[in-house]
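All values derive from a computational prediction rather than experimental measurement.
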Amino acid sequence: MLRSSTLFVRTLRDDPADAEVPSHRLLVRAGYIRRAAPGGYTWLPLGWRVLRKVEAIVRDEMDAMGAQEVHFPAMLPRDIYELTGRWEEYGDNLFRLKDRKGADFLLGPTHEEMFTLLVKDLYSSYKDLPVSLYQIQTKYRDEARPRAGLLRGREFLMKDSYSFDIDDAGLAASYNAHRDAYERIFTRLKLPYVIVKAMSGAMGGSASEEFLAPIEVGEDTFVRCTKCDYSANTEAVTTAVLSPDISSYASAAVIETPNCPTIASLVDFLNANNARTDRTWAASDTLKNVVLQLRHPDGSTEVLVVGVPGDRDADIKRIEAQVSPSEVEPLDEAGFAKHPGLFRGYIGPQVLGTTSSTGIRYLLDPSVVAGSEWVTGANVPGSHVLHLVNGRDFTADGTIEAVEVIAGDPCPSCREPLEIARGIEIGHVFQLGRKYADTLGLSVLDQNGKQVVVTMGSYGIGVSRAVASIAEVFHDDLGIKWPRAISPVDVHIVVTGKNGDDITIAGEKLGAELEAQGLEVLIDDRNGVSPGVKFKDAELIGIPTIVVVGKSLAEGNIELRDRHAGTNQAVPLANAVQRIVALVREG
RNA sequence: CGGGGUGUGGCGCAGUUGGUAGCGCGCCUGGUUUGGGACCAGGAGGCCGGGAGUUCAAGUCUCCCCUCCCCGACCA
């Protein structure tokens with residue numbers, strides 16, 4: 001039985017000034033964690049219990065799906081990360097250190113290399129596969145900006161697992177097994193989640209999904225459909241292509257548009273000098289050509305123009321995700337100087353494209369559909385062209401998802417409006433493919449005696465982050481409200497008597513009986529502490545079931561308080577054990 | 001890494017034109033209290049983020065560095 005009188009904890013009456021988000025504030029205030037270093041936290045007894053319970057659920061489900069637990073060192077030699085180029089690639093985010101001989105080491109930010117090499121070390125036949133391995137490990141990343149307590153630290157606990165298969169079908173099965181296990185884990189943790197499509201980045205084609213807990217203080221932005229179950233990271237959203245709204249089939253016509261370098265000035269000019277009869281001109285009638293510069297990994301650069309509807313902004317991050325590993329930036333003055341054919345504000349698709357006069361690659365956002373009609377630059381200062389039809393008057397080199405996704409955009413799956421929300425990434429499942437196996441030489445003999453490169457998946461759950469996310473979801477103004485499965489104990493008994501009186505004796509006896517039934521009990525046995533203080537502490541600490549043994553004992557009752565529901569009911573002491581045990585067992 | 005803010009006992013804060021540090025909570029002792037963060041009395045606890053400087057004298061002024069928080073960049 002944990003006793004408040006001796007438990008190593010101190011609750012704070014005031015919010016710590018440096019904590020902004022609720023989970024950070026409450027975990028510190030209730031005595032679960034203490035900051036020990038920039039981005040590093042000490043787990044106090046109550047917090048450590050919660051962390052271990054989350055860990056236990058993760059372990060239980062990983063074991064149940066057939067993955068096997070291993071454990072690597074956190075401190076790893078440089079040469080292994082040199083093999084995949086990640087010693088350099090990871091940049092400043094990697095914690096590096098030297099041993100006494102001057103040899104380089106790092107603190108592992110993730111362990112793909114180690115797992116790959118371990119399997120290579122031990123296995124060499126298709127008969128050994130598939131296999132899934134995992135560990136629950138402290139990870140180190142020298143984040144540019146640790147924040148929000150446990151939500152983004154520089155040292156954190158993560159479950160990472162890796163699957164190894166002989167072929168794509170096997171990988172898909174391993175991937176789905178992990179995905180299912182993750183759903184069970186987050187369900188048991190009572191952590192709400194949405195599974196969003198994520199970018200698979202440079203490797204291309206591989207499936208990648210993130211588990212996000214929809215919480216406002218989260219760092220990830222995602223969209224979800226208000227009607228169907230579509231959801232995606234904003235970078236990974238695909239545009240719903242609608243049929244073009246063609247109002248006329250007039251021929252393209254160049255008109256003079258002096259002093260109209262921006263979309264707004266152009267629209268105003270058209271409405272004043274070239275009004276249409278059916279409606280007014282709008283920004284969405286115009287085609288905006290955004291000039292970008294790609295910086296390729298080899299250091300070379302390439303100018304790229306992206307065409308988007310004039311009422312929408314281009315989302316550089318989204319574009320970048322599709323051209324990764326190349327980097328994207330707007331073309332600067334010096335860049336424009338090298339392309340005299342481009343007149344800023346008057347650029348039109350007639351001079352764009354790899355086969356055009358400029359030879360500049362030209363891509364269109366999918367919302368610029370074939371057959372749609374636009375007002376756009378005439379490639380002469382002070383002139384625009386009307387009725388330019390995609391496919392009739394110009395073509396592009398292809399499409400790229402380019403516009404900034406906004407609330408109300410149509411869902412790619414059902415066309416209903418999308419909404420935008422924030423979330424915390426609590427899990428990620430990813431079909432890695434053969435990237436690591438290739439570079440590290442992990443292959444096995446197949447049934448024909450031929451070497452086959454193994455295909456891998458990698459899967460992560462932020463364990464310490466999950467603790468914070470749960471506190472983020474389950475709290476109120478008074479404190480935390482733990483879900484039963486991960487509460488530091490099952491029952492919090494508040495005894496409001498004085499040492500040695502009937503109330504204290506009854507409370508102690510109840511605690512012992514509950515413990516005999518296998519429950520974990522915290523009893524507030526502090527002497528001389530007023531009931532108000534004990535109630536406040538109990539609410540702050542947030543054990544889901546609070547049992548008050550106090551003045552109602554005179555009528556033979558105890559009080560059963562439900563921290564989640566906020567209810568308080570009198571229960572005869574004689575039935576207390578049975579009632580409480582039933583409550584805890586039913587979860 | 002850029003912008004803004006911040007740093008004074010465990011926690012929250014005050015500290016004037018430079019004069020040698022204070023309040024509330026918490027903690028200790030004694031007493032009175034005991035159903036919603038009690039009261040009285042007496043205590044302990046601070047290199048005022050670090051360093052350098054100006055000055056007879058620096059929490060306070062100057063310079064450099066660091067921390068934490070927020071926004072952005074970054075983030076398997």
Side chains of [X] and [Y] only: does a donor on one sit below 3.5 Å from an acceptor on the other?
X: A/H475; Y: A/S23; value: no
X: A/S5; Y: A/R526; value: no
X: A/H178; Y: A/S163; value: no

In whole Å, I'd like the distance from the [atom1] atom of [X] to the [atom2] atom of [N].
X: A/N527; N: B/U33; atom1: CG; atom2: P; result: 14 Å
X: A/L94; N: B/C74; atom1: CG; atom2: C1'; result: 15 Å
X: A/M456; N: B/A76; atom1: CE; atom2: C1'; result: 12 Å
X: A/D142; N: B/A73; atom1: CG; atom2: P; result: 19 Å
X: A/E555; N: B/G35; atom1: CD; atom2: P; result: 14 Å
X: A/I558; N: B/G35; atom1: CD1; atom2: C1'; result: 15 Å
X: A/F535; N: B/G37; atom1: CZ; atom2: P; result: 11 Å
X: A/E210; N: B/A76; atom1: CD; atom2: P; result: 10 Å

Regarding [X], tell me which of base, sugar-phosphate or nothing describes its non-hydrogen contacts under 4.0 Å with the strands shown.
X: A/V529; answer: base
X: A/K139; answer: nothing
X: A/R141; answer: base
X: A/E559; answer: base

For this session: Compare all side-chain heavy atoms of A/Y182 with those of A/I461 and state whether any distance is below 4.5 angstrom.
Result: yes
Please report the distance separating the [atom1] of [N] from the corresponding atom of [M], rounded so that it comes out in whole Å.
N: B/C64; M: B/C69; atom1: P; value: 24 Å
N: B/C40; M: B/C63; atom1: P; value: 46 Å
N: B/C28; M: B/C65; atom1: C1'; value: 39 Å
N: B/C68; M: B/A76; atom1: C1'; value: 27 Å
N: B/C39; M: B/G24; atom1: C1'; value: 16 Å
N: B/A44; M: B/G26; atom1: C1'; value: 13 Å
N: B/U60; M: B/G18; atom1: P; value: 11 Å
N: B/U16; M: B/U34; atom1: P; value: 44 Å

Protein-nucleic acid N or O pairs under 3.5 Å, nucleotides 5-14 of chain B:
from	atom 1	to	atom 2	distance (Å)
B/G12	OP1	A/A17	N	2.6

Pair assignment for [N], Watson-Crick or G-U wobble, requiring both distances under 3.5 Å:
N: B/A52; result: B/U62
N: B/C39; result: B/G31
N: B/C1; result: B/G72

For this session: Provide the closest heavy-atom pair for A/K139 versus A/T110 in the form atom of the first, atom of the second, distance.
Result: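 Shortest heavy-atom separation between A/K139 and A/T110 comes out as NZ-CA, 4.0 Å.
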Exercise. Looking at A/R35, does any N or O in its side chain come under 4.0 Å of the phosphate oxygens OP1/OP2 on B/C68?
Worked result: yes
For this session: Would you confirm whether A/S464, through its side chain, and A/L157, through its main-chain N or O, come within 3.5 Å as a donor-acceptor pair?
Result: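 Checked: pair present.
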Exercise. Between A/T496 and A/R10, which has a closest nucleotide on RNA chain B that is more 5'?
Worked result: A/R10
Exercise. A/E20 or A/E112: which one's nearest nucleotide on RNA chain B is closer to the 5' end?
Worked result: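 Residue closer to the 5' terminus by nearest nucleotide: A/E20.
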Exercise. Do other residues, nucleotides or ligands put more than 12 heavy atoms under 6.0 Å from the CD atom of A/E216?
Worked result: no
For this session: Assess whether side-chain contact (heavy atoms from CB on, under 4.5 Å) is satisfied between A/E183 and A/F211, documenting all intermediate values.
Result: CA-CA 9 Å; A/E183 296 211 57; A/F211 286 69; 4.1 Å; yes
For this session: Taking only the side-chain heavy atoms of A/K536 (C-beta and beyond), determine which of B/G35, B/G37, B/A76 contains the nearest atom.
Result: B/G37
Exercise. What's the closest nucleotide to the A/S530 side chain, out of B/A38, B/C71, B/U67?
Worked result: B/A38
For this session: Could you check if the base of B/C40 is syn or anti? Syn means the glycosidic torsion is within 90 degrees of 0.
Result: anti
Exercise. Does A/R561 get its side chain close enough to the base of B/G36, under 3.5 Å, for a donor-acceptor pair?
Worked result: yes
For this session: Please state whether the base of B/G37 and the side chain of A/E539 form at least one donor-acceptor pair under 3.5 Å?
Result: no
Problem set entry | Within 45° cone of A/F535 ring axis and under 6.0 Å: A/R561 NZ or CZ | yes
